[in-house]
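Only one structure is covered here, and it is reproduced in the block below.
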Amino acid sequence: MYNLSSTFFLLEFHQPHILQILFFSLILLTYIMTLTGNFLIILLIWKSHNLHIPMYFFLVNLSFLEIWITTSFVPRFLSILASGSITVSFWSCLTQCYFYFFLGSVEFFVLTIMSFDRYIAICYPLHYTTLMNRGLCIQLALCSWVGGFLDTIVPTILVSQLPFCGSNRINHFFCDVDQLLMLACTDTKLIELIDILFSSVIILVSLMCITTSYAKIITTVLKIPSASGRWRSFSTCVSHLILVSLFYGASLCMCLRSTKGSNMNFSKLATVLNTIVTPFLNPFIYTLRNRQVKDALRRLLNKGISNA
């Protein structure tokens with residue numbers, strides 16, 4: 001048995017040196033573009049008064065989340081690639097694990113609220129500004145963060161109390177909770193059950209809410225007589241649907257990580273999707289498909305050029 005000040009060893013990379021350099025450069029470039037793109041979205045919405053509506057308020061929350069989700073993973077990953085240092089203390093490992101799952105839980109709530117916002121906007125357009133008022137938006141955002149905190153704090157406290165023994169090598173490039181439980185020298189079935197129960201409730205309930213919202217949205221859109229009107233109404237949901245598909249697809253991979261013989265591959269794939277791919281694509285999905293955001297970006301660039 002070893003104490004909580006002990007060091008864990010993350011997965012080593014044995015690729016040829018040139019491939020490791022290329023991989024490091026690609027991840028670093030992606031990380032910089034992710035931070036820049038999401039910060040730019042936050043700046044655009046903050047500077048553009050015509051974007052001060054609920055949909056973009058929740059988009060700011062989403063971009064803020066994406067910045068921190070990718071930051072919870074990528075810097076440590078880059079450090080492993082650059083220096084080959086695969087050691088991490090128990091508390092650093094637990095902290096990374098906590099923030100990854102905490103921020104991921106918050107994102108489930110935010111994506112659900114964004115679907116509710118689209119439902120109100122399309123199904124009750126005349127009452128949209130009254131129903132989705134500033135106070136309600138702030139309350140929903142706060143509930144998302146509190147819900148994410150409550151979802152992850154109990155399993156984290158339980159893991160922090162575990163005794164560890166035997167191998168201290170983690171078969172992952174990320175401090176995954178499943179890997180920590182495998183290193184414990186006591187029965188962890190209760191913690192696993194709590195973790196699965198909390199995760200399943202959030203994923204299934206949020207997915208059910210999103211599905212219900214879009215079922216009602218589609219029903220309302222189909223009643224619009226013109227094809228152009230139907231597309232104009234539904235087009236405001238396309239960006240959100242793409243992000244939902246990416247994020248929940250990765251979450252399904254996480255659910256399959258308990259599948260015997262394939263759990264590590266699914267877990268690593270899900271980690272890459274949630275911490276690198278989705279945060280990187282978020283700014284492009286919302287800027288390339290959103291006329292209001294593109295117009296705001298154009299005005300900001302023109303203003304910057306005129307002031308230069």
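This chain uses plain numbering: 1 for the first residue, then up along the sequence.
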Euclidean distance, [Y] [atom2] relative to [X] [atom1], rounded to 0.5 Å:
X	Y	atom1	atom2	value
Ile45	Leu59	CD1	CG	4.0 Å
Leu181	Leu162	CG	CG	6.5 Å
Thr220	Arg230	OG1	CZ	13.0 Å
Ile41	Ser63	CD1	OG	4.0 Å
Ile120	Lys216	CD1	NZ	10.5 Å
Ser105	Ile153	OG	CD1	11.5 Å

Please determine whether residues [X] and [Y] belong to a single hydrophobic cluster, defined as Ile, Leu, Val, Met, Phe, Trp and Tyr linked transitively by side-chain heavy-atom distances below 4.5 Å.
X	Y	result
Leu29	Ile21	no
Leu204	Phe101	no
Leu158	Leu190	yes
Tyr100	Ile196	no
Leu78	Phe23	yes

query: Mind checking what makes side chain to side chain donor-acceptor pair (under 3.5 Å) contact with Thr211, not counting sequence neighbours?
result: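 By the side chain to side chain donor-acceptor pair (under 3.5 Å) rule, Thr211 matches no residue at all.
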- prompt: Looking at residues at least two apart in the chain, or sitting in another chain, which of them share a side chain to side chain donor-acceptor pair (under 3.5 Å) with Thr275?
  reply: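 With neighbours one apart ignored, the set is empty.
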Grab the two heavy atoms, one from [X] and one from [Y], that are nearest each other, plus how far apart they are.
X	Y	value
Arg76	Val88	NH2-CG2, 3.8 Å
Leu62	Glu107	CD1-OE2, 3.6 Å
Thr70	Pro75	O-CD, 3.8 Å
Phe90	Val159	CZ-O, 4.2 Å
Ile53	Asn50	CG2-O, 4.3 Å
Gly147	Phe109	C-CE1, 3.5 Å

- prompt: What pairs meet the side chain to side chain donor-acceptor pair (under 3.5 Å) rule with one or both residues in residues 129-144, with sequence neighbours excluded?
  reply: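 Applying side chain to side chain donor-acceptor pair (under 3.5 Å) to every pair that reaches into residues 129-144, excluding sequence neighbours, yields nothing.
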Donor-acceptor pair, [X] side chain versus [Y] backbone, under 3.5 Å?
X	Y	value
Ser235	Arg232	yes
Thr152	Gly148	yes
Ser239	Ile285	yes
Ser72	Ile69	yes
Thr212	Met208	yes
His52	Trp46	yes

With [X], which residues qualify under ring-ring contact (aromatic ring centres under 6.0 Å, His included), at least two apart?
X	result
Tyr98	Phe102
Phe108	Phe247, Tyr248
Phe99	none
His127	none

Sequence neighbours left out, what passes side-chain contact (heavy atoms from CB on, under 4.5 Å) with [X]? Give chain and number order.
X	result
Phe198	Asp151, Val154, Pro155, Ile194
Cys137	Pro54, Phe57, Phe58, Met132
Pro125	none
Leu241	Tyr214, Phe234

- request: Compute whether any side-chain donor of one residue and acceptor of the other, for Ser48 and Tyr56, lie under 3.5 angstrom apart.
  value: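 Judged by distance alone, the side chains do not pair up.
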field: Test item: side-chain donor near acceptor, Ser92 and Ser89, under 3.5 Å
entry: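 Side chains of Ser92 and Ser89: pair found under 3.5 Å.
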Do [X] and [Y] come close enough that some side-chain heavy atom pair is under 4.5 Å?
X	Y	value
Val238	Trp231	yes
Cys237	Ile122	yes
Phe73	Ile276	yes
Thr219	Lys223	yes
Tyr31	Thr71	yes
Val244	Ser115	no

field: Trp68 atom CH2, neighbour heavy-atom count above 12 within 6.0 Å
entry: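 Open: at most 12 neighbouring heavy atoms sit under 6.0 Å from CH2 of Trp68.
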message: What verdict does the side-chain contact (heavy atoms from CB on, under 4.5 Å) test give for Met55 and Arg118, after you've listed the backbone C-alpha separation in whole Å, the side-chain angles of each residue and the deciding distance to 0.1 Å?
response: CA-CA 8 Å; Met55 182 176 76; Arg118 291 298 83 208; 3.5 Å; yes
Please list, one pair per line, the donor and acceptor atoms closer than 3.5 Å that link side chains of residues 32-40 to other protein atoms, with sequence neighbours excluded.
unit_1 : atom_1 : unit_2 : atom_2 : d
Thr34  : OG1    : Thr30  : O      : 2.7
Thr36  : OG1    : Ile32  : O      : 2.8
Asn38  : OD1    : Asn282 : ND2    : 2.8
Asn38  : ND2    : Thr34  : O      : 2.9
Asn38  : ND2    : Pro279 : O      : 3.1

- prompt: Do Cys97 and Cys175 have their SG atoms less than 2.5 Å apart?
  reply: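 The sulfur gammas are not closer than 2.5 Å, so no.
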task: Identify which one of Val201, Ile202, Ile203 satisfies the side chain to side chain contact (heavy atoms under 4.5 Å, CB included) criterion when paired with Val205.
output: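 Going through Val201, Ile202, Ile203 one by one, the side chain to side chain contact (heavy atoms under 4.5 Å, CB included) with Val205 is satisfied by Val201 alone.
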